[in-house]
Every structure is written in structure tokens, then in C-alpha cells.
Asker: 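Structure in C-alpha cells, see below.
None of the values given here were measured: they were computed from a predicted structure. Each chain gets a letter, A, B and so on, in the order the sequences are listed, and its residues count up from 1.
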2 protein chains.
Amino acid sequence: MHQKRVTLADVAKAAGVSRTTASLVLSDRGDELRISEPVQHRVRQVAAELAYRPNAASQVLRTGLSRTFGFISDTVATSQLAGDMIKGAIEGARRHDHMLFIGESEGSEDEQARLIQAMVDRQVDGIVIASMFTRERPVPSGVGRPLVFLNTIPTDARAQVPVVVPDEIGAGRAAARALLDAGHRKIHLIGAGPTPADVPPLTIAGQERLEGILQELGDAGLKPASGRMCTIWLPEDGWQATTALLESNVTGGAILCFNDRLALGAYQAIQEAGLRVPQDFSVVSFDDHQLASWLRPGLTTVALPHYELGRRAIEALLAPAETATGFERVPMPLRARGSIGAP
Amino acid sequence: MHQKRVTLADVAKAAGVSRTTASLVLSDRGDELRISEPVQHRVRQVAAELAYRPNAASQVLRTGLSRTFGFISDTVATSQLAGDMIKGAIEGARRHDHMLFIGESEGSEDEQARLIQAMVDRQVDGIVIASMFTRERPVPSGVGRPLVFLNTIPTDARAQVPVVVPDEIGAGRAAARALLDAGHRKIHLIGAGPTPADVPPLTIAGQERLEGILQELGDAGLKPASGRMCTIWLPEDGWQATTALLESNVTGGAILCFNDRLALGAYQAIQEAGLRVPQDFSVVSFDDHQLASWLRPGLTTVALPHYELGRRAIEALLAPAETATGFERVPMPLRARGSIGAP
DNA sequence: AGTCGTTGCTAACACGGTTTAGCTCGACGG
DNA sequence: CCGTCGAGCTAAACCGTGTTAGCAACGACT
């Protein structure tokens, strides 16, 4: 049972003014439209006493603005990464006094279209289309609302959609630099490399991380000591690649993994071989998964700024349409822990 | 700029009927109110041709129903657990053709009240109040919409709120039974115990898991071989407790950890002592964190059914008010992996 | 022939706000 | 004494749908 809500008409009646006046006062246009101070005060007081709350549906209907955003991701669950991204989006929305609709397309274009439709029906003020792993996707057409791609690159380069992505190239450089700074010259790659062609398909993150790594090593006149491409980046794959590395008579040096899960596998392989991090091998990776701080020693990793990504995507929705095009690359900060030692 | 939407009036005009007729046909009340078949057909066809979509704001205003739920959690980010719970809630909402608002209170009652207010303003059809770790909380008053507590217990027991929680007692029994079935008699607890009083404050999960464990052991005429309470359940704490256990001259047996993170710490301590899972120690725990499948050997754990929890909370919102009271305990299934061996 | 019931549709109001156009009244200038 | 102007407020239209009451036409029955 909904107890009956207090309406604007109730407030107006109790304050002895017209609905118009009450509306003007409560939307802070009282001065602009010359409502006297005493009347304004009375209206506000009555509204507070009655605990008046405007009916959002009615405001949406009239103004076309819902103070609501939509956030569609392809997968929410695969990683807690998503959680942080959503958290950032919620915070971004909150700052602008908006609420957030959330939806999950599970990678299906049809389901995504359905969600966009449902959101547009509800007059959202903008939609963020997010992916949990960086990849290319077509831009949905005819949405009629501001759109932002998050962690996703439009297939059609001409499409005028603002894009927010992590700076993976910078991250690659940062990871390599961390090892170089510690004095390492023999750097083994786990997950991709050693040449730019050795990258798992469809993953832009892998491609760009490798690009950054090769740049930074190149600047120091170096190349990777070795590289092992993994099609999938789970701990098991990291374990296999690292075990293979150890069996090739490598007993020390630096290992650069393309994500934290591969690094977990590397830790396991190193420990099972009776070797130690960081005394025998220095390890560095990407993502800053929760896991990284749990390992012994703590894993040094270049963090995916999920919270920032979510927040900035919402901000991008609100940018004026002219500004709102082109890429925003969010920096990926290095989280130094205990996994890097001297060579 | 929004291109102008097609309205019901446009459809009616194009089909040569009144708005009323169009409305009746499109809300499937045409037969009931005797609109002839040819007219119905024409209206539907025209609506499809014009890609007519009803304006949700207007429907909400008229009917008071928004086909929208709210989901408020105290923390989204701490764990990917939240991700699955949200995923379940989204799926539950989708099944009933609803959208989901999401909000995060960060544990603040004020912020929670603000979110509830904003959602009620938007005429949500119900609100789920979720917590990421089971605990007690007061029931917000005067919401005027269906409410469900998820993973949270009302402080005031008389409060008539449906509650959806995981069956932690059953989980405790299942974990203990898994070890008993493998033949273990010496079972060491990490995180809580050995007596019911040895539980970290404010955690209902800990209390109930312990209760289940003690019940199951009691049924077999046993007591825990030892127990170490940890105020916080991070890997570091599990490592310390397990290291202490190993230093007390225990060189084998079964370890029952109160969550997967503690179990990670246990793995680390065992490996650093030169011992092995499951040859020297069998390990079992709770949660089924992503981590559990990544460890070597895979960690046997009793899963928190986050997805189910989220889904059922939404279902509970839709249950008729009379039914909608009391607890629903969602079973926690055992995920058997490789961490249990013979004694 | 008049009454009644049925079929097939529509006029008009309601929902709760925002916004535009305009009304009233007193002061003031000519 | 009349016209003008600004201050301070309000009537009424509007957003797009759902819903109630009822109208016109027509055949059936008394």
C-alpha cells in the first residue's frame, strides 16, 4: 500500500499560494520571477513540514530530463574489476545528483539493444557502454542520447563517440621501467611477445601493453630476453609458461607478466621449483587485482584504474557535444610492492 | 538533441483511430474492451512501422508503477562477490521486465536514506537492501514500498521484512562433513573457534559457520583439535594463525578455514614450511572466491551463492505482502577441488 | 413500434509537475 | 484623469499515457 504522497498542490494550498508559485519557489526560480521573500519563506517552510518530495515521473514527463544515467556492461561478474568501475560510475552520477541504471548484455548485441531501448524509454540522460576487457565494438545507432564507450573502442573509427580507456601503452612502459630501474637487463615476458605479432587475438590491452614494453626496452637499447604468448591469461597458463621458462635453464632474472593472474601462476611455478621471489626472480605485472596484495611477497603491478574509468565515463556523458569526441586515456599507476629485487 | 519521439497520438492518427483505442490495443486489453480484429491489427502494424515506444515517464505518472527496482549495497567494490549478487539481481529484474537502479551507501545510514529517498521519488516498485558481509541493521521506516533485506538481518526482530540469507549453518556442516568423509578426525579451525564464544565481533557468518561445524563434529562425537580466532579474515591473518599452528608441533591433519582468503594464507604458511596440500594437510574453506580455483591444488570450498542470493531477493520483492515475511536461507553448495586428501 | 442489449468505439479527465502568457494593483508621469 | 510600468502573483496549457463513462448504431425481443 502506498501511503498517498504529498503533492505540489498540497503544499501550495497549505501555504495559501498557487501551484505555479510553489513550483517556482521550490525550483529556485523565485527571485528570477519576482516572488516576494515572505512568500518564498512560507512555501519552503510548508514544504519542509509536509516533507514534500516532487514526483520524478512527472518532472521527467514535462522536462524530458530524468537525472538518470544508464550503464551497460558486457559482463559484471567476471571480475571485481567491474565492481570498482561501477562504483566509480555511481560516484560520478551521485556528484551530479543522478541515479544509475545498470544492465548486462552478456556480450549479445540483441540484449544490448534491448537494454538501450529500455533505458531510452525511461528517458535516461546518457548511456555508458562498458566492456570488461578492452576490445572493439560497433556503435549502436539511433540512440538519440549521449553515449560513451568505456574500455571499448568503436569499430568504425569515424563514429563520433567519446571513448574512455586506460593508458595501456604508458602502463607497458611503467612496468618495463620498474624492472630497468632495479637494474634488470634480462626480462622475460609471460603472456605475449617477444615480437609485436605475438599477441592473443582480439585483445587490445595485450597489444598496447606489449607496445609500451618494447618502446621502453628499446629506449634502453634492449629487447626482451624471451617471450611466451598465452591465448588465455589464467593462472594455469602462467604456470605452464613459467615452468617452460624454468626448464629452459633460466634460473634467475626478471619476469614481466601481462596480468596478475598469469603472475600468480608464475609465483606458483617459481615456488614449486624451489626458487624465490624476489631473490631469484623479480616479477611485475598488470591490473592490480585484489590478489596482488595477498601474495607473499606482495606483487608489484600496474593498476587498472577502474574506479577512475567509471567516474570519467560519466563525466564524459555530461561534456558538451562538441568537446565530447576523441579518446581519453586514463593513466595506470604503478603499485610498488615486494616482488622486485636486485638482479 | 533528441529527435522527437513517436507518441501514442501519432500512432492513433496514422491508424485512423482514437488515442483510447490505440492505448487499449497496445496494452492488450483490446479483446476485453471489444475492439474489432481488423482495427487491432491495423493499430499494431502502424505502431510497429513507426517504431512506437511508450513513454515510460508518462506510464509511471499514470499508473504509479515504474517497472524498476532499487538495489542498495553497503559496498560494491570490496569483492567480486558483489558483482555476482548484482548480476543475480539484474537477471531477476530482467525476468520480470524490470530495470535496476543501483546505489551504494558505503555503510552510512544517511547516505542510505538519501538513496532510498531518490529511489522512492522515482517510484521504484521495490528496494533490496544488501550487505556484503552478513550483519544486523535497522529497518528504514516509512519507505512505503516493498523492501527486502539481503545478506542482512533486521536489528528489530519484529520488523516485518523478508530476509534472504545464505545458509551458513548448513555450510558449516558441509565443510566439516567433507573432512570427516575423507577420514579426518583431527580438524584445526582457522578464523574462529574452538568454542562458540571465539568469534570475531559483528560477524553473523562466522558465528553460524562455527555453529554448523560444531554440530557436525558433535554428531560424530568429535571436537575441533584446535581453533584460532582472527579478528580480520585476510590472507595475512590466515598465514599467521597457520604458522602458529605449525610451530605447535602439528605436522599434518585437516585445516578448516573460515574463508578463502584465510585459506590462501594457510597455503602460503604450509608451503613455506616445506609441507604440501593435500599430502600433509587437507584444507577446506568458505566463499568460493575466484581465487579458490586458481590455487594449486584447487581449494575445496563451500560456495556463497551470490548469484542466487541476488536473484531471490528480487523475487522476494514481488511476493505478496502476506507471504513476504520471514527468512529464506539459500543453500551453500560444496565445490570439491583438490585440497582434501586422506589423513 | 418501442425498449433493451450488444457491439465498437471515443470524449474527457486524471496523474503531478513546469512553463507561458497574462492579470491585478498601486505608483508615477504627463 | 488617463496611460504606462513594474511588482507580485496566478490561470491555464502542456508533457504522454491510462481509464471511466458513455455515445451511436444496430439487431432482437416484447
Side-chain angles (χ1 to χ4, degrees), chain A residues 2-44 46-47 50-68 120-123 125 144, chain B residues 2-44 46-47 50-68 120-123 125 144:
Chain A
H2 308 164
Q3 66 248 36
K4 207 170 142 288
R5 285 178 64 105
V6 175
T7 78
L8 187 58
D10 297 332
V11 173
K13 194 164 152 201
V17 298
S18 71
R19 272 189 5 249
T20 308
T21 303
S23 169
L24 292 175
V25 171
L26 295 177
S27 52
D28 282 330
R29 309 206 320 159
D31 291 336
E32 184 187 335
L33 274 121
R34 305 182 308 245
I35 307 296
S36 68
E37 182 44 46
V39 169
Q40 292 207 30
H41 182 74
R42 199 165 69 245
V43 169
R44 281 186 222 281
V46 169
L50 299 182
Y52 166 71
R53 301 248 75 212
N55 182 321
S58 150
Q59 292 177 314
V60 173
L61 180 55
R62 185 61 230 246
T63 63
L65 299 172
S66 60
R67 300 206 325 265
T68 292
V120 171
D121 287 351
R122 286 170 174 77
Q123 315 264 75
D125 298 331
Chain B
H2 310 164
Q3 66 248 37
K4 206 169 143 291
R5 286 178 65 102
V6 175
T7 79
L8 187 57
D10 297 331
V11 173
K13 194 165 155 199
V17 297
S18 72
R19 270 189 6 247
T20 307
T21 303
S23 170
L24 291 175
V25 171
L26 294 177
S27 50
D28 282 329
R29 310 207 319 156
D31 290 335
E32 183 186 339
L33 274 125
R34 307 182 306 247
I35 307 297
S36 68
E37 182 44 47
V39 169
Q40 292 206 29
H41 183 74
R42 197 165 71 243
V43 169
R44 282 185 221 280
V46 168
L50 299 182
Y52 166 71
R53 299 249 77 211
N55 181 320
S58 158
Q59 292 178 315
V60 173
L61 181 56
R62 187 61 233 251
T63 64
L65 300 172
S66 60
R67 300 207 324 263
T68 292
V120 171
D121 287 351
R122 286 170 174 79
Q123 314 266 78
D125 297 331

Asker: Verify, without hydrogens or angle tests, whether B:Thr63 (side chain) and B:Gln59 (backbone) share a donor-acceptor contact under 3.5 angstrom.
Answerer: yes
Asker: What's the shortest heavy-atom distance between A:Arg67 and B:Arg122, and which atoms?
Answerer: O-NH2, 2.8 Å
Asker: What's the shortest heavy-atom distance between B:Leu61 and A:Ser58, and which atoms?
Answerer: CD1-CB, 3.8 Å
Asker: Using C1' atoms of five pairs at each end, report the bend of the helix from C:dA1-D:dT30 to C:dG30-D:dC1 rounded to 10 degrees.
Answerer: 80°
Asker: Got a list of side-chain donor-acceptor pairs under 3.5 Å for residues 6-17 of chain A, not counting sequence neighbours?
Answerer:
unit_1  : atom_1 : unit_2  : atom_2 : d
A:Thr7  : OG1    : A:Ala9  : N      : 3.1
A:Thr7  : OG1    : A:Asp10 : N      : 3.4
A:Asp10 : OD2    : A:Thr7  : N      : 2.9

Asker: Summarise how protein sits on nucleotides 5-12 of chain C as a single string, 5' to 3': B when a protein heavy atom is under 4.0 Å from the base, S for sugar-phosphate-only contact, - for no contact.
Answerer: --BBBBBB
Asker: Under a criterion of less than 4.0 angstrom to any heavy atom of chain A, what are the 5'-terminal and 3'-terminal contacting nucleotides of DNA chain D?
Answerer: D:dA7 to D:dG16
Asker: Taking all atoms of both residues into account, what is the closest heavy-atom pair of A:Asp125 and A:Gly64, and its distance?
Answerer: OD1-O, 4.3 Å
Asker: Any base atoms under 4.0 Å from B:Thr7, or only sugar-phosphate, or nothing? Heavy atoms, all strands.
Answerer: sugar-phosphate
Asker: Could you pull out the closest heavy-atom pair between B:Val60 and B:Ser66, with the gap in Å?
Answerer: CG2-CA, 3.6 Å
Asker: Is the shortest side-chain heavy-atom distance between A:Val120 and B:Arg5 below 4.5 Å?
Answerer: yes
Asker: By the salt bridge (charged side-chain N to carboxylate O under 4.0 Å, His left out) test, which pairs, at least two apart or in different chains, include something from residues 24-33 of chain B?
Answerer: B:Asp28-B:Arg44, B:Arg29-B:Glu32
Asker: Take B:Gln123 and B:Thr68 through the test side chain to side chain contact (heavy atoms under 4.5 Å, CB included) and record every step on the way to the result.
Answerer: CA-CA 8 Å; B:Gln123 314 266 78; B:Thr68 292; over 6 Å; no
Asker: Which of residues 53-63 of chain A have a heavy atom under 4.0 Å from DNA chain D?
Answerer: A:Leu61, A:Arg62
